[in-house]
2 protein chains.
Amino acid sequence: MEPVQTEETGPARDAGDAPDGQVLGQMIRDARKEKGLTLEEAAKAAAIGRSTLSKIENNLTKPSFDIIRRLMQTLDLKTPQLFVQSGDGDISGRRDYTLAGRGEHQETATYDHELLCTELTSKRMLPYISTIKARDVSEFESWVRHRGEEFMFVISGSLTLYTEHYRPLEMTEGDSVYYDSGMGHGCVSTSTEDARVLWVSL
Amino acid sequence: MEPVQTEETGPARDAGDAPDGQVLGQMIRDARKEKGLTLEEAAKAAAIGRSTLSKIENNLTKPSFDIIRRLMQTLDLKTPQLFVQSGDGDISGRRDYTLAGRGEHQETATYDHELLCTELTSKRMLPYISTIKARDVSEFESWVRHRGEEFMFVISGSLTLYTEHYRPLEMTEGDSVYYDSGMGHGCVSTSTEDARVLWVSL
DNA sequence: CAAATTTGTTGCCAATAGGGAAAAAGTTTC
DNA sequence: GAAACTTTTTCCCTATTGGCAACAAATTTG
C-alpha cells in the first residue's frame with residue numbers, strides 16, 4: 001500500500017480574505033443576524049452605541065479591543081475566527097487524513113509520539129497519538145509545560161496522569177481528560193503493555 | 001460507583017483577574033520579556049510605535065483591535081488568554097476528566113454524541129465521542145456545517161466520511177482526519193457494529 | 001397606500017488612541 | 001562613580017474612535 005496520505009483540493013486558500021481590513025464587519029454582522037438581533041438589541045446587550053456597531057459592521061471604523069470583546073461575548077463569537085490573519089492562513093475547504101500508524105514519528109525519553117495530519121500545517125489543534133514509555137514518575141526530569149489547553153483520550157492500556165496542583169489521576173481505556181497544559185504534567189504507564197493515548201493540544 | 005467526575009482545586013479562578021481593565025498590559029509585557037525583546041524591538045516587529053507599546057503595557061491606553069492583533073503575531077500570544085473575561089474565565093490551572101461512558105449524552109437523528117469533560121465550560125476545544133447511527137448518506141437531510149476546525153479519530157468500526165469538495169473517505173479503526181468544519185460533512189457506518197469516533201472541534 | 005413604527009445609516013463632536021521626540025530611569029563600562 | 005549607552009516613560013499633537021441625535025430606509029399597521 002502506498003503512503004497515500006494527504007489531499008489538497010477544493011476552494012482552498014482565499015488568501016487575503018481575513019478579518020484584516022475588510023471582512024471583520026461582515027463576520028460580526030453575520031453573527032448578529034444569526035442570533036436574530038437588531039442593531040439596537042445587539043448594541044444594547046454589548047453596551048455600545050448602535051451607530052458604533054453599524055459603523056463596525058460596515059467597516060467604517062476599526063473597533064477597539066474592548067468593543068470587540070464586548071461583541072464577542074454578546075454574539076458568542078469565537079476568538080479563533082477573528083484572528084485569522086491573511087498569511088498565516090486558515091484551513092478553509094481543506095482536509096487531511098492519516099491512516100492508522102502512518103503518522104510522523106517523534107520520540108522523546110518518555111514518549112513515542114505519532115503526529116497526525118501533519119500535511120495541514122496551518123491547523124490550530126495539534127493531534128497526536130502517544131505511546132507512554134515512562135514507567136515511573138522519576139523518569140520525568142521536568143514536567144511538560146506549555147501554554148495552552150490539552151485534551152487526552154486513552155486508546156488502550158492504563159496510566160497515571162500527574163498534573164501540578166492535583167493528585168495523580170488513574171486512567172484506563174476510554175477515559176479522557178482536559179486540562180490547562182500550562183500546568184506541569186506527565187504520564188506513566190501502569191498496564192503491562194505500554195498505554196496508548198490520543199492527545200490534542202491547542 | 002459514584003458519578004465522580006470533576007474536580008476543582010488548585011490555584012483555580014482568580015475571579016476579577018482578567019485582562020479586563022488591568023492585567024492585559026501585564027500579559028503583554030510578560031510575553032515580550034519572555035521572548036527577550038525590548039520595547040523598541042517588539043514595537044518595530046509589530047509595526048507600532050514604542051511609546052504606544054509602553055502605554056499599553058502600563059495600561060495607560062486601551063489598544064485597538066488591530067494593534068492587539070499585530071502584537072499577538074509578534075509575541076505569539078494565544079487568543080484565548082487575551083479574551084478571558086472576568087466571569088467566563090479561562091481554564092488556568094484547571095482539570096476535568098470523564099470516565100469511559102460517563103459523558104453527557106446528546107442524540108440526533110444520525111449520531112449519538114457523548115460530550116466529554118463538560119464541567120470545564122470555558123475550554124476551547126469541544127471533545128466528544130460519537131456513535132454513528134447513519135447507514136446511508138440519504139439519512140442526512142443536510143450536511144453538518146459550522147465554522148471552525150474539526151479533528152476525528154476512529155475508535156472502533158469503520159465508516160465513510162463525506163465532505164464537500166472531496167470524494168468520500170473510507171476510514172477504519174485508528175485512522176484520523178482533520179478538516180475545516182465549515183465544509184459540509186457527515187459520517188456513515190460501514191461496519192456491522194456502529195462505528196465509534198472521537199471528535200474534537202474548535 | 002399613507003401613517004406609524006422599527007431598523008439601519010450618516011453628521012457632528014467630545015474623548016482618546018497612536019506616533020515622534022524629548023526626558024527620565026536603568027545598565028554597563030572604564 | 002561619572003560617562004556612555006540602553007531601555008522605558010512622558011509630553012505634545014494629530015488622526016480616529018465611539019456615542020448622541022438627526023436622517024433615511026425598510027417594515028408593519030390601519
Side-chain angles (χ1 to χ4, degrees), chain A residues 16 18-77 79 81-88, chain B residues 16 18-77 79 81-88:
Chain A
D20 273 304
Q22 310 307 330
V23 206
L24 198 154
Q26 189 63 48
M27 297 184 63
I28 296 190
R29 172 155 292 179
D30 290 345
R32 177 170 64 81
K33 297 278 188 189
E34 200 162 338
K35 292 209 98 186
L37 296 171
T38 72
L39 271 183
E40 177 142 20
E41 293 169 329
K44 187 156 59 177
I48 66 177
R50 353 164 232 275
S51 59
T52 306
L53 184 49
S54 171
K55 286 180 214 165
I56 292 174
E57 293 188 352
N58 293 17
N59 297 302
L60 297 176
T61 193
K62 297 177 179 181
S64 69
F65 182 59
D66 40 290
I67 291 276
I68 285 283
R69 267 206 317 219
R70 297 204 202 114
L71 285 173
M72 289 186 39
Q73 271 191 147
T74 306
L75 304 175
D76 295 322
L77 279 171
T79 53
Q81 290 93 306
L82 284 179
F83 283 91
V84 180
Q85 311 259 0
S86 58
D88 55 71
Chain B
D20 274 304
Q22 309 308 326
V23 205
L24 198 156
Q26 189 61 49
M27 298 184 64
I28 296 189
R29 172 155 293 178
D30 290 346
R32 176 170 64 81
K33 295 281 187 187
E34 200 163 334
K35 291 208 102 186
L37 296 172
T38 73
L39 271 181
E40 175 141 22
E41 293 167 328
K44 188 157 59 179
I48 66 178
R50 4 162 221 274
S51 57
T52 306
L53 184 50
S54 170
K55 285 183 228 166
I56 291 174
E57 292 189 351
N58 292 18
N59 297 301
L60 297 176
T61 193
K62 297 176 179 183
S64 71
F65 182 58
D66 41 289
I67 291 275
I68 285 283
R69 267 207 315 219
R70 298 207 202 111
L71 284 174
M72 289 186 38
Q73 271 190 150
T74 307
L75 304 175
D76 294 323
L77 279 170
T79 53
Q81 290 93 305
L82 282 181
F83 282 91
V84 179
Q85 310 261 358
S86 57
D88 57 69

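What's counted below: heavy atoms across the whole structure, side chains too, no hydrogens, waters or symmetry copies.
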message: Of all nucleotides in DNA chain C that come within under 4.0 Å of a heavy atom of chain A, which is furthest toward the 5' end and which toward the 3' end?
response: C/dT7 to C/dC12
task: Return the set of residues passing salt bridge (Lys or Arg N to Asp or Glu O under 4.0 Å) with B/E41 (not counting sequence neighbours), or none when no residue passes.
output: none
Identify each atom pair where a protein N or O and an N or O of nucleotides 9-11 of chain D are less than 3.5 Å apart, giving names and distance.
unit_1: D/dT9; atom_1: OP1; unit_2: B/R29; atom_2: NH2; d: 3.4
unit_1: D/dT9; atom_1: OP1; unit_2: B/N58; atom_2: ND2; d: 3.4
unit_1: D/dT9; atom_1: OP2; unit_2: B/R29; atom_2: NH2; d: 2.9
unit_1: D/dT9; atom_1: OP2; unit_2: B/S54; atom_2: OG; d: 3.1

query: Between A/I68 and B/I68, is a side chain to side chain contact (heavy atoms under 4.5 Å, CB included) present by the stated rule, with each step listed?
result: CA-CA 11 Å; A/I68 285 283; B/I68 285 283; over 6 Å; no
Listed partners of A/A46 passing side chain to side chain contact (heavy atoms under 4.5 Å, CB included), at least two apart: A/I48, A/R70, A/L71, A/T74
Approximate separation, where rounding is to 0.5 Å, of A/S51 OG and A/L60 CG: 11.0 Å
field: Bend angle of the helix from C/dC1-D/dG30 to C/dC30-D/dG1, end axes from five pairs each (to 10°)
entry: 30°
query: Can you name the residues that form a salt bridge (Lys or Arg N to Asp or Glu O under 4.0 Å) with B/K44, not counting sequence neighbours?
result: none
task: Could you list the residues that satisfy side chain to side chain contact (heavy atoms under 4.5 Å, CB included) with B/T61, not counting sequence neighbours?
output: B/K55, B/I56
- prompt: How many angstroms lie between atom CG of A/D66 and atom CE of A/M72, to the nearest 0.5 angstrom?
  reply: 12.5 Å
task: Give A/I67 one of three labels, base, sugar-phosphate or nothing, depending on what nucleic acid heavy atoms sit under 4.0 Å from its own.
output: sugar-phosphate
query: What distance do A/T52 atom OG1 and A/L39 atom CG have between them, rounded to the nearest 0.5 Å?
result: 10.5 Å
message: So A/K44, base contact, sugar-phosphate only, or nothing? Heavy-atom distance under 4.0 Å.
response: nothing
- prompt: Could you give all pairs that pass the salt bridge (charged side-chain N to carboxylate O under 4.0 Å, His left out) test and reach residues 23-33 of chain A, with sequence neighbours left out?
  reply: A/R29-A/E57, A/R32-A/E57
- request: Provide, to the nearest angstrom, the distance between the CG atom belonging to B/L37 and the C1' atom belonging to D/dT8.
  value: 15 Å
Rounded interatomic separation in angstrom, taking CD1 from A/I56 and C1' from D/dT16: 13 Å
